[in-house]
Asker: 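I am attaching a structure below and will ask some questions about it afterwards.
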Number of protein chains: 2
Amino acid sequence: MSGPGALILLVEDEPQMRRFLRVSLEGSGYRYLEAATGQEGLSLAAQHRPDVLLLDLGLPDMDGLEVVSRLREWSQIPVIVISARGQESDKVDALDAGANDYLTKPFGTRELLARVRVALRHANPEAGEQPVFTLGRWRVDLAKRQVFVEDQEVHLTPLEYSLFTTLIRHAGKVVTHRQLLKEVWGGAAGAQPLYLRVYMTQLRHKLEEEPSRPRYLKTEPGVGYRLFLED
Amino acid sequence: MSGPGALILLVEDEPQMRRFLRVSLEGSGYRYLEAATGQEGLSLAAQHRPDVLLLDLGLPDMDGLEVVSRLREWSQIPVIVISARGQESDKVDALDAGANDYLTKPFGTRELLARVRVALRHANPEAGEQPVFTLGRWRVDLAKRQVFVEDQEVHLTPLEYSLFTTLIRHAGKVVTHRQLLKEVWGGAAGAQPLYLRVYMTQLRHKLEEEPSRPRYLKTEPGVGYRLFLED
DNA sequence: CTCCTTCCTAACACTTTCTTAACGCGCCTT
DNA sequence: AAGGCGCGTTAAGAAAGTGTTAGGAAGGAG
């Protein structure tokens, strides 16, 4: 997760500051977690693997620097330190302990958010493994929006692709007619079960070896369709 | 190269500041390069691939922000901006343009060095970035903004070039209409899908052998466009 | 100011995709 | 065995999306 919806963990003991940052971060579309102590912060970081950690140095239970170095024992999560201490030696120590950035209070919200964006940008230079779905002779590269059968690319129209990936998302499970129509054609009205039959036929012709006796794109009579995982 | 011996490029027009930083950096064991203008800085960056770039925003020949975004067209080299301007909006703009850090003059040497160490620590292990992209008969020098077909230079207008390099950045993947309009025309409103059709036509005429049956600049109907990598 | 480049816009031809209808087949019920 | 039902299949028209061209507006350079 790198764009909006990224998870930010704030470790800060001052309630007023927490409330302020919470509003700023949630208002910018980030998911948000908070801890009031270093112990709690480390434990939450381990549990939830946030995308960025905002760390106040002045914590009651342990030194902020220790939080950073403990975290760095197992994680490369970007850490932005926010601190009232503006001494150069404080900054140097924090940065050398493993922090990625150091912001002195008071600071502007917009600068903080910009630095969070930098951290997120840096966090995954496409580190996230590309989502590729494979099944039998099929390979689907969700990122590139490409479908291969026996390493031969097959072109799918937008609706075909949408229908197919919807089944992939629910791979193995039955997806009802209603659910498919909703997810592929959008909640709007007008979508008829007939569409499903037409497009399932087309998908089978493009993807199945024997379209008339499908191996993976199975019909569940009276209920819906299912992408069969077993062989 | 990431530890001592790393190469630092300083882009700064003020001789006094240059001398000062040179002493600090060389004294810390870094290899050192300098440029007095944005143009020279970009060119040196392309030639020598420094591990970190220190950039003064107040350059005589071009805006510092433009240096960053030009650089980001082909390189992920960490950029630390050093500037006399301390306004929050300056910081936000620079960071959003692609800078990794922002330091306001005057600053302490030790803090600068600590931030350089952070940048180096972060340095991309995946050094595979090339300022030159080649595909079939095409060669694109991202640093110099030059495009060649069969070693013959082809002139692209700014928008054509931007559209082309956007597709290159996402080479192989489908780029949606929305995304292209956002990245090429800027988030602002008014951008219409019609623009894409017009400029794709022009690109194809300038770059493709058979513009009406493109080999690389493919359309994904209803979705977007894709720079096709396979043959 | 004029020339030149680049960008935006509109019109029209064309292609792909979507929707719709008709028909065939097998299964179950009566 | 006949009829109803659900699903698969096919094809054709409608709709949506795309390619192409050209001309005028806007902006910058000399």
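Here is how names work: the chains are called A, B, and so on, in the same order as the sequence lines, proteins then strands, and each is numbered from 1. Only a predicted model underlies this, so the values are computations on that prediction, with no experimental measurement involved.
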Asker: Tell me what Y225(A) touches on the nucleic acid: a base, only sugar-phosphate, or nothing, going by heavy atoms under 4.0 Å.
Answerer: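 Here Y225(A) touches the backbone only, sparing every base.
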Asker: Is the centre of the Y216(A) ring less than 6.0 Å from the centre of the W138(A) ring?
Answerer: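 Yes, they do, as the ring centres are separated by less than 6.0 Å.
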Asker: Let me know, please, whether L196(A) or P193(B) comes out on the 5' side of the other along DNA chain D by nearest nucleotide.
Answerer: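 On the 5' side of the pair lies L196(A).
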Asker: Cation over ring, R145(A) on Y161(A), under 6.0 Å and within 45°?
Answerer: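 Judged by the rule, R145(A) and Y161(A) form a cation-pi pair.
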Asker: Rounded to the nearest angstrom, tell me the gap between atom CZ in R213(A) and atom P in dG26(C).
Answerer: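 R213(A) atom CZ is separated from dG26(C) atom P by 13 Å.
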Asker: Which part of the nucleic acid, if any, lies within contact of T219(B), taking any heavy atom under 4.0 Å across all strands shown: a base, the sugar-phosphate backbone alone, or nothing?
Answerer: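 Answer is sugar-phosphate: T219(B) comes under 4.0 Å of backbone atoms only.
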Asker: Using the salt bridge (Lys or Arg N to Asp or Glu O under 4.0 Å) rule, take E153(B) and K206(B) through it: C-alpha gap first, then chi angles, then the decisive distance, then the call.
Answerer: CA-CA 10 Å; E153(B) 181 168 5; K206(B) 289 184 174 182; over 6 Å; no
Asker: Check L10(A), V116(A), V118(A), N100(A) against I80(A) for a side chain to side chain contact (heavy atoms under 4.5 Å, CB included) and give me the one that passes.
Answerer: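 Looking at L10(A), V116(A), V118(A), N100(A), the match for I80(A) under the side chain to side chain contact (heavy atoms under 4.5 Å, CB included) is V116(A).
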Asker: Just call it for P158(B): base, sugar-phosphate, or nothing, with non-hydrogen atoms closer than 4.0 Å on any strand.
Answerer: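 Touches sugar-phosphate only.
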Asker: OP1 or OP2 of dC7(C) versus the side-chain N and O atoms of Y195(B): is any pair under 4.0 Å?
Answerer: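 The answer is no; no side-chain N or O of Y195(B) sits under 4.0 Å from OP1 or OP2.
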Asker: From the 5' end of DNA chain D to its 3' end, which nucleotides mark the outer limits of contact with chain A, defined by a 4.0 Å heavy-atom distance cut-off (strictly under)?
Answerer: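 Contact span on the strand: dC7(D) to dT10(D).
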Asker: Please report, rounded to the nearest Å, how far the C1' atom of dT9(C) is from the OH atom of Y199(B).
Answerer: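 Atom-to-atom, Y199(B) to dT9(C), this comes out as 11 Å.
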Asker: Taking only side-chain nitrogens and oxygens of W185(A), does any of them come within less than 4.0 Å of OP1 or OP2 of dC18(C)?
Answerer: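 W185(A) to dC18(C) OP1/OP2: no side-chain N or O under 4.0 Å.
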Asker: Between Q202(A) (CD) and dT20(C) (P), how many Å, whole number?
Answerer: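 Distance check: Q202(A) CD to dT20(C) P gives 15 Å.
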Asker: Rounded to whole Å, how long is the line connecting atom CG of L194(B) with atom P of dA11(C)?
Answerer: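 In whole Å, dA11(C) P and L194(B) CG are 11 Å from each other.
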Asker: Step through the shown structure and confirm whether more than 12 heavy atoms of other residues, nucleotides or ligands are within 6.0 Å of NZ on K173(A).
Answerer: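 Not more than 12 within 6.0 Å, no.
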Asker: More than 12 heavy atoms of other residues, nucleotides or ligands under 6.0 Å from NZ of K218(A): is that the case?
Answerer: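 It does: K218(A) NZ has more than 12 such atoms within range.
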Asker: Where each residue is assigned the nucleotide of DNA chain C containing its nearest heavy atom, which of T157(B) and E160(A) is assigned the position nearer the 5′ end?
Answerer: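 The 5'-side residue here is T157(B).
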Asker: Between dC14(C) atom P and R197(B) atom CZ, what is the distance in whole Å?
Answerer: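 Atom-to-atom, R197(B) to dC14(C), this comes out as 16 Å.
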Asker: Can you tell me the distance, in whole Å, between the CG atom of L163(B) and the P atom of dC8(C)?
Answerer: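 Rounded to whole Å, this separation is 12 Å.
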Asker: Rounded off to whole Å, could you give me the CE-to-P distance for the M200(B) and dT15(C) pair?
Answerer: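 Spelled out: CE on M200(B) to P on dT15(C) is 18 Å.
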Asker: Less than 6.0 angstrom from the centroid, inside 45 degrees of the normal: does R139(B) satisfy that with respect to the ring of F148(B)?
Answerer: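 Cation-pi check for R139(B) and F148(B): passes.
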Asker: Remember a base hit wins even if backbone is also touched, and classify Q192(B) as base, sugar-phosphate or nothing at under 4.0 Å, heavy atoms.
Answerer: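 Sugar-phosphate contact only - Q192(B) comes under 4.0 Å of backbone atoms but never of a base.
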